[in-house]
> 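There's a structure below that I have some questions on.
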2 protein chains.
Amino acid sequence: MEPVPMLLAMTYRAMGDQFHDRLRQIGLEPLRPAHGYVFRFLKAKRATTVDIGQHLGVTKQAAAKIVNELDEWGYVLREPHPTDKRAQYVTLTTKGRDYLKLADNLWSDLENEMAEAIGRDTLDAVKTGLAAYLRHVHGEDQPGLRPAW
Amino acid sequence: MEPVPMLLAMTYRAMGDQFHDRLRQIGLEPLRPAHGYVFRFLKAKRATTVDIGQHLGVTKQAAAKIVNELDEWGYVLREPHPTDKRAQYVTLTTKGRDYLKLADNLWSDLENEMAEAIGRDTLDAVKTGLAAYLRHVHGEDQPGLRPAW
DNA sequence: TCCATGTAGTCAACTTGGTTGTCTAACCAT
DNA sequence: ATGGTTAGACAACCAAGTTGACTACATGGA
């Protein structure tokens, strides 16, 4: 059997490719994975560019580029931080939230198809297993999200 | 619960980081993941540069760069293809096989620690589950190995 | 209160790891 | 034979990161 990391990489790639294809079928401009992960992160918590960089596992400069793009395209906007005059909160616009909602539906479709293919219980085991491993290696502080290739 | 692809990416990243750290602890020059995947591929079957590119999920030119590096560093060598005068088989040197053996040991250490953390049965479910999914979406023809970020 | 140290964000230069495009030589099916 | 395809090499380019430097603001002592 293939080593775990190869299985992870191949599955990630396979799901990502399918997601990308379906987005294009719908006719929606396919943002890169990083963009989607930013949306999801912003939905969960208020965050600055630095926070986003940390979450993605890239430098703040790289994160700033991504935020700039999302801003230009109208998916997010910046608002002043209430107490820190240096910082800015990055927040989702309606367009951003709509995109995220659509993407979430697509992902859950894919996940359901996966459940159908390998069994719901196996899928659950995969998810809880990976989540448990992540809690084990890092405590509560997330690792970088970006796969280092 | 986080969507599956995020779990995959985070786990891949977490394991890769650990692997990388331990290689450095040993004092071994840490090649990139792609290099290791090439070793593993070459061990399994005779392959040309084009084959390698396909397996990794990159263009043949990108694959050629990687093969060139591995050649310079003494991990692989090229030998003429028996029937096709255009093509060359890329094969592991002893140095390459040694590196792979060491890396394999490291990976199996990591996998054992994972088994300890989440339970051997859960780990088995993860592996068989992902493998089954991959067989389901692509038939027998592998997807690209490289995660598209 | 003042000062030392640290941090958010921005700008610029650079590196890396890929891409596309083009070409030659060899292959192969009609 | 010959027309279409393929392996490999060379070159130009590009995307997405990096490091480094700087400004403005924050924060926690002495």
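In the text below, chain A, chain B and the rest are named by the order of the sequence lines, each starting its count at 1.
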> Of the non-hydrogen atoms in A/Val90 and A/Leu42, which two are nearest, and what is the gap between them?
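For A/Val90 and A/Leu42, the tightest heavy-atom pair comes out as O-CD2, 3.3 Å.
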
> Decide if the gap between the ring center of B/Trp149 and the ring center of A/Tyr12 is smaller than 6.0 angstrom.
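No; A/Tyr12 has its ring centre 6.0 Å or more from that of B/Trp149.
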
> Once you round it to whole Å, what is the distance between P of D/dG17 and CG of A/Leu145?
12 Å

> Go through it in stages, so that I can follow the logic: the residues are A/Asp51 and A/Lys45, the test is salt bridge (Lys or Arg N to Asp or Glu O under 4.0 Å), and I'd like the CA-CA distance, side-chain angles, deciding distance and then a yes or no.
CA-CA 10 Å; A/Asp51 296 333; A/Lys45 53 170 51 157; over 6 Å; no

> Between D/dG17, C/dT22, C/dG9, which one does the side chain of A/Thr48 approach most closely?
C/dG9

> Please give, in whole Å, the distance from C/dG9 C1' to A/Glu79 CD?
17 Å

> CG of B/Leu56 versus P of C/dG18: gap in Å, rounded?
8 Å

> Which nucleotide in the set C/dT10, D/dC25, C/dA26 lies at the smallest distance from any side-chain heavy atom of A/Lys60?
C/dT10

> To the nearest Å, how far apart are A/Gln54 CD and C/dT7 C1'?
13 Å

> Return the value, rounded to whole Å, for the distance between atom NZ of B/Lys65 and atom C1' of D/dA12.
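Atom-to-atom, B/Lys65 to D/dA12, this comes out as 11 Å.
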
> Are B/Ser108 and B/Asn105 linked by a side-chain donor-acceptor pair shorter than 3.5 Å?
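No, because no side-chain N or O of B/Ser108 sits under 3.5 Å from a partner of the opposite role on B/Asn105.
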
> Closer to the 5' end of DNA chain D via nearest nucleotide, is it A/Ile66 or B/Thr49?
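The residue whose closest nucleotide sits nearer the 5' end is B/Thr49.
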
> Closest to the B/Ala62 side chain: C/dG18, C/dC27, D/dG17?
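Per side-chain heavy atoms of B/Ala62, the pick is C/dG18.
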
> B/Asn68 has an atom CG; how far is it from atom C1' of C/dT16, in whole Å?
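Those two atoms, CG and C1', are 16 Å apart.
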
> CG of B/Asp51 versus P of D/dT6: gap in Å, rounded?
13 Å

> So, does A/Trp149 get its side chain near the phosphate of D/dG17, meaning an N or O under 4.0 Å from OP1 or OP2?
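False: A/Trp149 side-chain N/O out of range (4.0 Å or more) of D/dG17 OP1/OP2.
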
> Please evaluate the base of C/dG17 for a donor-acceptor partner in the side chain of B/Gln61 within a cut-off of under 3.5 Å?
no

> Please determine if a side-chain N or O atom of B/Arg78 lies less than 4.0 Å away from the OP1 or OP2 oxygen of D/dG8.
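For D/dG8, neither OP1 nor OP2 has a side-chain N or O of B/Arg78 closer than 4.0 Å.
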
> Whole angstrom is fine here: how far is it from OH in B/Tyr89 over to P in D/dG8?
10 Å

> From C-beta outward on B/Arg86, which listed nucleotide comes closest to its side chain: C/dC27, D/dT6, C/dT19?
D/dT6

> Any idea how A/Tyr75 and A/Tyr99 line up, ring-wise: parallel (<30°), tilted (30 to 60°), or perpendicular (>60°)?
perpendicular

> Classify A/Thr59 by what it touches in the nucleic acid, base, sugar-phosphate, or nothing, heavy-atom distance under 4.0 Å.
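It contacts base atoms.
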
> Counting side-chain heavy atoms from CB outward, which of D/dA16, C/dG6, D/dT5 is closest to A/Arg32?
D/dA16

> Is A/Ala87 touching bases, backbone alone, or none of the nucleic acid, heavy atoms closer than 4.0 Å?
sugar-phosphate

